[in-house]
Amino acid sequence: MDATAPRRVAREVERSAPLRALARGGYAANGLLHILIGAIAVIVAFGGDGASDQSGALMAIAAVPFGFILLWTAAITLGALAVWQLVDGILQRAPADNATGFFSKWGRRIGAWGQAAIFGALGLIAAAVALGARVDAESAAEAASAGLLSIPGGSVVLVLAGIGIGIGGIAFIVMGVRRSFRDKVDIPDEGPGRGIAGLGLIGFVAKGIALGIVGVLLVIAAVDADADTAGGLDGALQALLRLPLGPMLVAIVGAGFIAYGVFCLFRARFARL
């Protein structure tokens, strides 16, 4: 088999104008989800009720008139974005012909494939909700953690998963503070570009903090052998809520998610695809 065949196919797929258009729609769908997550988090901070995670946002969309149309649109566009990230990972090249270039290539490749997995999962969840399923990501995370804790070595896997998610959170914070996300978008340096960059800064840091808390909760669950401690984004915000000044902290994170969502809407227009 020709070793260059996968790259050739990936290059042809990536050049597809319809795929690029749908992938941009995927960024918009992701932005809408984050805006809803942020809004639900703010509501929860002020004493309201709701699941402040992706499944909660999708269930909120399902509850509005003709919400199933929005859900199927989100499922299709997020799936397209997952495909684009997959082929983009395949096409990554080493910036230099040495060990540094090799690790750089594989770092970007793994990052792109990780994004593909996330967007693909979101697309599948959106399709499931559109078909009438009731999805509870928090319960699913706790059940998965309980399953791991029941097998030999499962606690180690859970710790590694927590550390991995925590590292992802740190990466988001660093990308926000250093504004390195600008490498992935063609936004102007002046005028509206400054506002878009500001939204990215706030949003990336807020999402990084939330992911960091999720990672810490997974590690604690593994150490205490208590799957109920583990959870997803909703569990992280509930943990924040129990801290001193917790409602204010959750409201701030919620506002950050809204900022990240608005940034993603701009990213749909300015992303380098």
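This is a predicted model, so every value here is computed, not measured. The first residue in the sequence is number 1, and the count goes up from there.
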In terms of hydrophobic clustering (I, L, V, M, F, W, Y; side-chain heavy atoms under 4.5 Å; direct or indirect links), are [X] and [Y] co-clustered?
| X | Y | value |
| --- | --- | --- |
| Leu243 | Leu217 | yes |
| Leu22 | Leu78 | no |
| Leu240 | Ile170 | no |
| Val253 | Ile202 | no |
| Met59 | Leu124 | no |

Quiz item: Would Leu19 and Val83 satisfy side-chain contact (heavy atoms from CB on, under 4.5 Å), going step by step from the backbone distance to the final call?
Solution: CA-CA 8 Å; Leu19 176 65; Val83 172; 4.3 Å; yes

Spacing of [X] atom [atom1] and [Y] atom [atom2] [to the nearest 0.5 Å]:
| X | Y | atom1 | atom2 | result |
| --- | --- | --- | --- | --- |
| Asn30 | Gln115 | CG | CD | 8.5 Å |
| Met248 | Leu241 | CE | CG | 12.5 Å |
| Leu32 | Leu265 | CG | CG | 7.5 Å |
| Ile213 | Ile165 | CD1 | CD1 | 12.5 Å |
| Ile196 | Arg182 | CD1 | CZ | 8.5 Å |
| Ile167 | Phe172 | CD1 | CZ | 14.0 Å |

Exercise. Say whether, by atom type as modelled, one donor and one acceptor occur between the side chain of Arg179 and the main chain of Ala197 under 3.5 angstrom.
Key: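 Side chain of Arg179 to backbone of Ala197, a donor-acceptor pair under 3.5 Å: no, none is there.
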
Quiz item: Trp113 side chain to Leu86 main-chain N or O, any donor-acceptor pair under 3.5 Å?
Solution: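 Yes, because the side chain of Trp113 sits within donor-acceptor range (under 3.5 Å) of the backbone of Leu86.
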
Exercise. Could you check whether the rings of Phe204 and Phe263 sit parallel, tilted or perpendicular, using 30° and 60° as the cut-offs?
Key: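 Phe204 vs Phe263 ring planes: perpendicular.
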
Exercise. Please state whether the rings of Phe257 and His34 are parallel, tilted or perpendicular, taking 30° and 60° as the class boundaries.
Key: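 The arrangement is parallel - the two ring planes meet at less than 30°.
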
Decide yes or no for [X] and [Y]: does some side-chain heavy atom of the first lie under 4.5 Å from some side-chain heavy atom of the second?
| X | Y | result |
| --- | --- | --- |
| Ile40 | Ile37 | no |
| Tyr27 | Leu273 | yes |
| Pro247 | Val250 | no |
| Ile61 | Leu33 | yes |
| Ile35 | Val262 | yes |

For [X] versus [Y], what's the shortest heavy-atom pair and its separation?
| X | Y | value |
| --- | --- | --- |
| Leu58 | Val129 | O-CG1, 3.9 Å |
| Gly176 | Leu201 | O-CD1, 2.9 Å |
| Ile163 | Val219 | N-CG2, 4.2 Å |
| Leu81 | Gly26 | CD2-C, 3.8 Å |
| Phe46 | Ala251 | CE1-CB, 4.4 Å |
| Arg24 | Arg267 | NH1-O, 4.3 Å |

Quiz item: Do you see a donor-acceptor pair shorter than 3.5 Å between the side chains of Arg108 and Gln92?
Solution: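 There is such a pair (donor and acceptor under 3.5 Å, judged by atom type) between the side chains of Arg108 and Gln92.
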
Quiz item: Going through the checks in order, is the side-chain contact (heavy atoms from CB on, under 4.5 Å) test met by Leu237 and Val44?
Solution: CA-CA 9 Å; Leu237 294 180; Val44 170; over 6 Å; no

Exercise. Among Ile, Leu, Val, Met, Phe, Trp and Tyr joined by side-chain contacts under 4.5 Å, find the other residues sharing a cluster with Trp72 and list them by chain and number.
Key: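 Trp72 clusters with Phe66, Phe68, Ile69, Leu131.
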
Quiz prompt | Phe266, CZ atom: more than 12 neighbouring heavy atoms under 6.0 Å | solution =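 At most 12 heavy atoms, drawn from other residues, nucleotides or ligands, come within 6.0 Å of this atom.
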
Practice problem: Start with the C-alpha distance between Tyr260 and Leu199, add both sets of side-chain angles, then the distance that settles side-chain contact (heavy atoms from CB on, under 4.5 Å), and finish with yes or no. | Solution: CA-CA 6 Å; Tyr260 182 79; Leu199 288 170; over 6 Å; no

